[in-house]
Number of protein chains: 2
Amino acid sequence: MTLASRLVLLIEDDAQIRHVVRTLLQLEQLGVVEAADGASGLAAARNHKWDLLIIDLGLPDSDGLQIIEQVRRWSAMPIIVLSARSAEADKVAALELGADDYLSKPFGARELVARVRVALRHAGNRGGHGALVQIGPWRIDLTARRTQDAAGGSLHLTRTEYRLLEVLHQRLGLVVTHRALLQQVWGPGSAERIAYLRVYMRQLRSKLEPDPTRPRWLLTDTAVGYRLVQGEAGPSESE
Amino acid sequence: MTLASRLVLLIEDDAQIRHVVRTLLQLEQLGVVEAADGASGLAAARNHKWDLLIIDLGLPDSDGLQIIEQVRRWSAMPIIVLSARSAEADKVAALELGADDYLSKPFGARELVARVRVALRHAGNRGGHGALVQIGPWRIDLTARRTQDAAGGSLHLTRTEYRLLEVLHQRLGLVVTHRALLQQVWGPGSAERIAYLRVYMRQLRSKLEPDPTRPRWLLTDTAVGYRLVQGEAGPSESE
DNA sequence: CGGTTTCTTTATGGTTTCTTTACGGCGCGC
DNA sequence: GCGCGCCGTAAAGAAACCATAAAGAAACCG
């Protein structure tokens with residue numbers, strides 16, 4: 001997850017429609033998870049943080065309206081309703097319960113995509129923070145590109161430095177090979193320029209590590225790669 | 001803020017539809033102002049602060065799509081489109097230009113009301129009223145578009161400047177990428193004109209920052225974007 | 001319609017960030 | 001304890017990026 005892509009939960013019993021919608025959303029660079037019935041859909045809705053919920057009202061096991069009501073008890077995520085029912089009363093009911101949009105089947109592919117974009121546009125305005133990495137005194141928000149300590153002091157890192165931390169953080173605690181780092185940070189074709197890594201690792205250490213000569217969080221695996229470990233304590237010193 | 005204080009601008013040439021919509025909205029405790037053509041509608045849109053714009057695409061004097069595009073240049077207010085055209089291409093075009101919803105005529109009264117409520121719900125969630133930004137000596141009311149200091153002195157900012165601040169404020173403290181800023185301020189298709197950003201950031205800094213050379217609130221993230229930070233102290237470096 | 005504000009576009013010089021190269025140290029196998 | 005590979009460190013040139021000024025174009029307002 002280089003750029004944390006957005007995640008959509010799709011609750012729909014008809015496999016064919018599921019496939020169509022999934023394909024459309026994936027073309028929009030969206031991650032899609034499917035649920036085929038209300039029960040598993042509701043469970044999935046609870047277990048992750050979604051950027052959008054698309055739900056069919058005509059589910060076999062439960063009423064889609066009830067699911068909307070449930071979801072709205074704890075989440076403000078955008079909800080788009082798909083439905084075979086096109087009666088006005090159905091639309092009004094869904095919208096009043098907290099849905100943000102309502103499409104009657106059959107719907108056009110491009111219209112669906114456009115309305116999904118609108119929903120995400122709205123959601124995008126609610127700014128959220130990403131995962132925090134803790135390195136010594138520093139708390140690093142990789143998505144916001146912000147690095148602060150407990151006292152509120154801030155530290156400036158460059159684009160490449162954040163990128164490197166991002167890749168290391170994807171494999172938190174595990175070693176990332178030179179090759180993998182170079183490819184993910186500098187793109188394919190940079191696989192042999194290990195010198196970059198040395199320069200940037202040093203740079204990061206001198207910015208983040210209290211004692212850059214004895215790193216506790218940005219660790220070297222000689223001849224293999226580098227590794228990021230998290231936590232206030234870091235690996236204990238053994239002198 | 002009560003519902004009664006919300007104002008809706010209705011741009012629609014058909015007097016009959018105007019009457020119907022006005023009646024429906026007034027039953028919702030909404031204030032309604034009507035415009036019968038595009039030119040006066042656009043003028044009205046500029047001259048007041050609206051909570052919602054409802055616009056017919058089939059205006060005699062101008063293209064409704066162009067009006068949407070214009071309005072989005074300086075305002076993020078919700079826009080609902082009414083249209084006799086029900087072709088998918090029309091819907092997609094309107095939604096992509098920044099409309100939030102699209103109803104084809106004939107539409108049901110209750111559905112219109114429900115969708116209006118959804119639009120206002122979104123607007124209500126957005127930042128809220130009295131979104132004040134404090135930058136140095138200046139207190140900026142983004143919704144009212146007024147800028148004053150403690151002594152009562154006022155400062156004039158242009159539409160684009162306010163819009164830029166608005167977008168930055170939505171992600172207060174976080175980086176907003178060049179691309180995101182350009183798209184949200186200048187519309188889609190302006191993604192490559194970073195020069196705009198440079199010019200306007202400088203303009204804002206020279207108006208707002210006590211020392212524009214050394215910005216404390218409007219910060220640059222080289223090769224990434226810009227960010228707005230709030231607070232009297234400003235950023236503190238510890239490098 | 002004419003003056004004024006606002007927006008767009010371009011050129012220049014300064015700053016930050018990236019890349020490249022060189023050198024000394026450390027550890028490991030011989 | 002010696003050679004070899006790998007690592008950390010430093011620094012300087014190159015490239016990318018940014019702030020600034022200024023002027024022409026467009027939009028706005030009376």
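To find a chain, count down the sequence lines: A is the first, B the second, and so on, and within it residues start at 1.
- A:Met201 places none of its side-chain heavy atoms less than 4.5 Å from the side chain of A:Leu219.
- The phosphate of C:dC7 has neither OP1 nor OP2 within less than 4.0 Å of any side-chain N or O from B:Tyr196.
- Per the geometry, CZ belonging to B:Arg163 stands 16 Å off C1' belonging to C:dC7, to the nearest Å.
- The closest side-chain donor-acceptor pair between A:Ser190 and A:Tyr196, if any, does not fall under 3.5 angstrom.
- Protein atom CG of A:Leu164 is 13 Å distant from nucleotide atom C1' of C:dC18, rounded to whole Å.
- The side chain to side chain contact (heavy atoms under 4.5 Å, CB included) check on B:Leu97 picks up B:Leu65, B:Ile68, B:Glu69, with sequence neighbours excluded.
- For the residue pair B:Thr23 / B:Arg18, no side-chain donor-acceptor distance below 3.5 Å is found, with atom types taken as modelled.
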Practice prompt. Take B:Ile55 and B:Ile79 through the test side-chain contact (heavy atoms from CB on, under 4.5 Å) and record every step on the way to the result.
Written response: CA-CA 7 Å; B:Ile55 180 171; B:Ile79 300 179; 4.0 Å; yes

Check nucleotides 28-30 of chain C against the protein and report each pair of N or O atoms closer than 3.5 Å, with its distance, or say if there are none.
none

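- In terms of modelled atom types and a separation under 3.5 Å, the side chain of A:Glu209 and the main chain of A:Arg216 share a donor-acceptor contact.
- A straight line from CZ of B:Arg214 to P of C:dG14 spans 17 Å, rounded to a whole angstrom.
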Discussion item. Across nucleotides 13-27 of chain D, 5' to 3', mark each nucleotide with B, S or - according to how protein heavy atoms within less than 4.0 Å reach it.
Written reply: ----SBBBS------

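- For C:dT5, neither phosphate oxygen OP1 nor OP2 lies less than 4.0 angstrom from any side-chain nitrogen or oxygen of B:Thr158.
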Dump the pairs, protein N or O against N or O of nucleotides 1-3 of chain C, anything under 3.5 Å, distances to one decimal.
none

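- Atom-to-atom, CD of A:Gln203 to P of D:dG8 comes out at 14 Å; the value is rounded to the nearest Å.
- Residue A:Trp186 has no polar side-chain atom (N or O) positioned under 4.0 Å from OP1 or OP2 of C:dC18.
- Using a 4.0 Å cut-off between charged side-chain N and carboxylate O, B:Lys91 and B:Glu96 make no salt bridge.
- Between B:Arg193 and C:dT8 there is no side-chain polar atom (N or O) within less than 4.0 angstrom of OP1 or OP2.
- With sequence neighbours excluded, the residues satisfying side chain to side chain donor-acceptor pair (under 3.5 Å) with B:Glu166 are B:Arg145, B:Arg163.
- Between A:His156 and C:dT17 there is a side-chain polar atom (N or O) within less than 4.0 angstrom of OP1 or OP2.
- Axis angle, first five pairs versus last five pairs of the helix from C:dC1-D:dG30 to C:dC30-D:dG1: 40°, rounded to 10°.
- Remark: the B:Thr158 side chain and the B:Tyr200 side chain contain no N/O donor-acceptor pair separated by less than 3.5 Å.
- Summarising the geometry, the separation between CZ on A:Arg227 and P on D:dC7 is reported as 14 Å, rounded to the nearest angstrom.
- Salt bridge annotation for A:Arg117-A:Glu28: present, with a cationic side-chain nitrogen under 4.0 angstrom from a carboxylate oxygen.
- For A:Tyr162 and C:dC18, the OH to C1' distance is 18 Å, given to the nearest whole Å.
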Discussion item. Checking A:Arg198 against A:Tyr226 for the side-chain contact (heavy atoms from CB on, under 4.5 Å) test, could you report, in this order, the C-alpha distance in whole Å, the side-chain angles of both residues, the deciding distance, and whether it holds?
Written reply: CA-CA 10 Å; A:Arg198 298 211 240 281; A:Tyr226 291 89; 4.1 Å; yes

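- Surrounding CZ of B:Arg146 are at most 12 heavy atoms belonging to other residues, nucleotides or ligands under 6.0 Å away.
- Spacing between atom NZ of B:Lys207 and atom P of C:dT5 amounts to 11 Å, rounded to whole angstrom units.
- Rounded to whole Å, atom P of D:dC7 lies 14 Å from atom CG of A:Leu219.
- A salt bridge links B:Asp100 with B:Arg72: the closest approach of a Lys/Arg side-chain nitrogen to an acidic carboxylate oxygen falls below 4.0 angstrom.
- Ion pairing between B:Glu34 and B:Arg22 holds under the 4.0 Å rule for side-chain N and carboxylate O.
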